[in-house]
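What follows is a single structure, written as structure tokens, with notes after it.
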Amino acid sequence: MSRYELVAGLETHVELATKTKIFCGCSTEFGGEPNTHCCPVCIGLPGTLPVLNRKVVEYAVRAGLVTHCEIAGVSKMDRKNYVYPDLPKAYQISQYDMPLCKNGYIDLSNGRRIRILRIHIEEDAGKLVHSRGNTYVDYNRGGVPLIEIVTEPDFRSPEEAREYLERLQFLMRYIGVSDCRMEEGSMRCDVNISVRPAGSEALGTRAEIKNMNSLSFITKAIAYEYDRQCDLLDSGEEVVQETRRYIESDGTTEGMRGKEDAQDYRYFPEPDLVTIRISKEDVEKIRASLPEDPDARAKRWQESFGISEADSAQLLRYRRVADYFDEAAKGLKNAKAAASCILGQMFRRMETEADKEKFETRVSAENLHALLQLLDEGKVRMNLVKSTLEKMLDSGKPASDFLSAQDLEGVSPEELDRLCTQAVEQNPKAVADYLAGKEKAVKSLVGFVMKSTRGRADAQKAEALLIDKIKAQA
Ligand code: ADP
Ligand code: ZN
Ligand code: MG
């Protein structure tokens with residue numbers, strides 16, 4: 001046991017996936033030629049006036065609800081003043097003392113609860129681009145809506161921070177408010193870390209590492225800071241409250257500047273915007289529009305469909321996949337077959353995570369359902385389902401285009417009997433092997449029968465019948 005306990009809190013910025021910016025009609029799309037998604041409002045020309053985008057409030061409320069927050073009936077925007085070239089107005093419009101959401105939480109798999117202090121809305125700043133000794137500024141990102149999700153200092157290990165962030169990322173994607181792409185900066189984190197003697201209740205002095213955008217860097221930075229601060233205390237020195245930078249090349253951190261206080265920002269109420277009022281009915285409307293709670297959904301799949309925990313986690317990972325699965329599996333006896341088609345054959349055609357997230361497939365959920373309905377009714381077997389699904393995936397056509405009346409009839413007992421007799425007669429070696437104790441040899445005979453029926457026969461019945469016939473011959 002270490003003498004010091006790690007204490008960390010996270011401030012996470014998530015860019016909202018609204019079509020337009022928070023205070024003007026410019027596009028929020030990532031990338032694009034520098035300074036092309038801009039207008040007088042979002043480059044902060046004097047005399048322009050911001051108008052709050054209603055969708056931003058709605059998305060932030062969704063985020064608040066899915067993290068169990070209370071939604072404030074009344075909140076307001078404030079100016080946070082600072083001078084830096086990424087912020088042409090010299091102030092950021094944010095929320096100070098009346099955030100939209102507060103007192104939520106996210107539970108971790110080890111049973112610990114991470115409390116969320118607040119979620120507020122604000123505008124993103126522009127981006128500085130350093131190139132060949134020059135610095136350029138791109139305001140495309142300026143005015144893109146953000147939510148900032150602030151936790152209590154509840155993390156006790158780097159792994160807890162990682163799990164929380166993965167969960168947050170999943171939830172935001174699931175409710176459709178953000179793509180949370182850390183590599184594109186649509187999810188970024190400020191990490192606050194301190195240590196204290198084990199058993200102590202008081203908080204130690206913290207360091208803050210700003211603007212982290214990789215899960216592995218975040219966990220490494222927390223681990224490094226923990227060691228650094230423990231070493232300082234052990235050698236009788238003190239931790240200084242400051243803003244530090246993570247250095248990717250060697251996994252260390254270095255001091256950048258003293259940490260600013262709220263009073264450094266001279267917050268005051270934004271005079272150009274009105275108070276935000278959200279009625280209880282509005283909140284309930286938004287709550288009703290949220291997708292089924294993800295944990296409840298996974299549990300429903302496990303209990304009523306018999307899907308494994310691992311498979312339900314896979315299906316739930318991407319919202320489109322989850323919705324597609326529910327649509328395809330609805331009313332099927334064998335819903336597991338739908339899961340296996342999606343996770344097997346359909347996912348195999350999607351190489352990247354992004355492909356799976358988009359889940360573009362030529363087979364509609366309705367057509368997959370119709371195919372699996374035939375399986376439920378015993379008209380086709382799984383191997384025929386698979387080969388038919390491949391053709392459907394290639395062509396986008398329904399199963400009925402590929403299954404003949406003969407396919408759907410199945411194999412009559414007489415025909416099966418005849419084919420098994422034929423299999424035994426034409427494969428003396430396999431028969432001899434079987435009789436010599438190689439039980440697996442019968443599989444090649446089953447294969448013969450399946451091939452001659454194009455997969456229509458019941459493999460289990462065929463196997464039993466073949467064994468009878470071999471034994472009768474011996
Ligand atoms: P600021 O916005 O100035 O960084 P806040 O007091 O709002 O400061 O805290 C920001 C984050 O820092 C929160 O997530 C909070 O839980 C965390 N935090 C505050 N004090 C400590 C501490 N002593 N050790 C670790 N984390 C802390
Ligand atoms: Zn604009
Ligand atoms: Mg901070």
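We number each residue from 1, following the sequence as shown. Note that ligands are numbered from 1 as they come in the structure, with each ligand's atoms numbered from 1 the same way. Quantities reported herein were computed from a predicted structural model and do not represent experimental measurements. When reading the values below, keep in mind they use all heavy atoms of this one structure, side chains included, and skip hydrogens, waters and symmetry mates.
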**Study point:** Asn192-ligand 1 polar pair, N/O distance under 3.5 Å
**Key:**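 Yes, since at least one N or O of Asn192 sits under 3.5 Å from an N or O of ligand 1.
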Practice item. Kindly confirm or rule out an N or O of Pro153 lying under 3.5 angstrom from an N or O of ligand 1. Key: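 Min N/O separation from ligand 1 is below 3.5 Å for Pro153.
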**Study point:** Polar side chain donor-acceptor pair, Arg112 to Tyr164, under 3.5 angstrom
**Key:**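 Absent: no donor and acceptor within the cut-off.
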Review point. Taking atom types as modelled and ignoring hydrogens, do the side chains of Ser131 and Asn134 form a donor-acceptor contact shorter than 3.5 angstrom?
Key: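 Per modelled atom types, Ser131 and Asn134 side chains form no pair under 3.5 Å.
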Practice item. Keeping to residues at least two apart or across chains, list the salt bridge (Lys or Arg N to Asp or Glu O under 4.0 Å) pairs with something in residues 86-96. Key: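 Checked against salt bridge (Lys or Arg N to Asp or Glu O under 4.0 Å) - neighbours excluded - the pairs reaching residues 86-96 are Lys89-Glu123.
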**Study point:** Tally of protein N, O or S atoms, where distance to the Zn ion (ligand 2) is under 2.8 Å
**Key:**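 Step by step: take the Zn ion (ligand 2), keep protein N, O, S below 2.8 Å, and you get 4.
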Practice item. Provide the closest heavy-atom pair for Lys21 versus Gly142 in the form atom of the first, atom of the second, distance. Key: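 Result for this residue pair: NZ-O, 2.8 Å.
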Heavy-atom count around [X] [atom1] within 6.0 Å, excluding the residue itself: above 12?
X	atom1	result
Glu166	CD	yes
Lys391	NZ	yes
Glu29	CD	no

**Study point:** Option with minimal heavy-atom separation from atom 20 (N) of ligand 1, where the choices are Arg206, Glu148, Gln241
**Key:**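 Nearest heavy atom to atom 20 (N) of ligand 1 lies in Arg206.
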Review point. Out of Ile116, Thr151, Ile149, Val7, who gets a non-hydrogen atom closest to atom 13 (C) of ligand 1?
Key: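 The residue whose heavy atom sits nearest atom 13 (C) of ligand 1 is Thr151.
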Enumerate the atoms of ligand 1 whose separation from the nearest heavy atom of [X] is less than 4.0 angstrom.
X	result
Val150	13 (C), 14 (O)
Glu11	1 (P), 2 (O), 4 (O), 10 (C), 11 (C)
Leu203	23 (N)
Glu152	16 (O)
Gly204	23 (N)

Point to revise | Region of Leu10 that comes within reach of ligand 1 [heavy atoms, distance under 4.0 Å] | key: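 Backbone only.
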Point to revise | ring pair (Phe, Tyr, Trp, His ring centres under 6.0 Å) against Phe359, all qualifying residues, sequence neighbours excluded | key: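 Testing Phe359 for ring pair (Phe, Tyr, Trp, His ring centres under 6.0 Å), a comparison that skips the adjacent residues, returns Tyr324.
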Check your understanding: Can you list the residues that meet the ring pair (Phe, Tyr, Trp, His ring centres under 6.0 Å) rule with Tyr91, with sequence neighbours excluded?
Key ->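 Scan of Tyr91 (ring pair (Phe, Tyr, Trp, His ring centres under 6.0 Å), adjacent residues dropped) gives none.
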Exercise for review: May I ask you to say whether Arg118 pairs ionically with Asp97, meaning some side-chain N is under 4.0 Å from a carboxylate O?
Suggested key: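 Here Arg118 does not pair with Asp97 in a salt bridge, since their nearest N and O are not under 4.0 Å apart.
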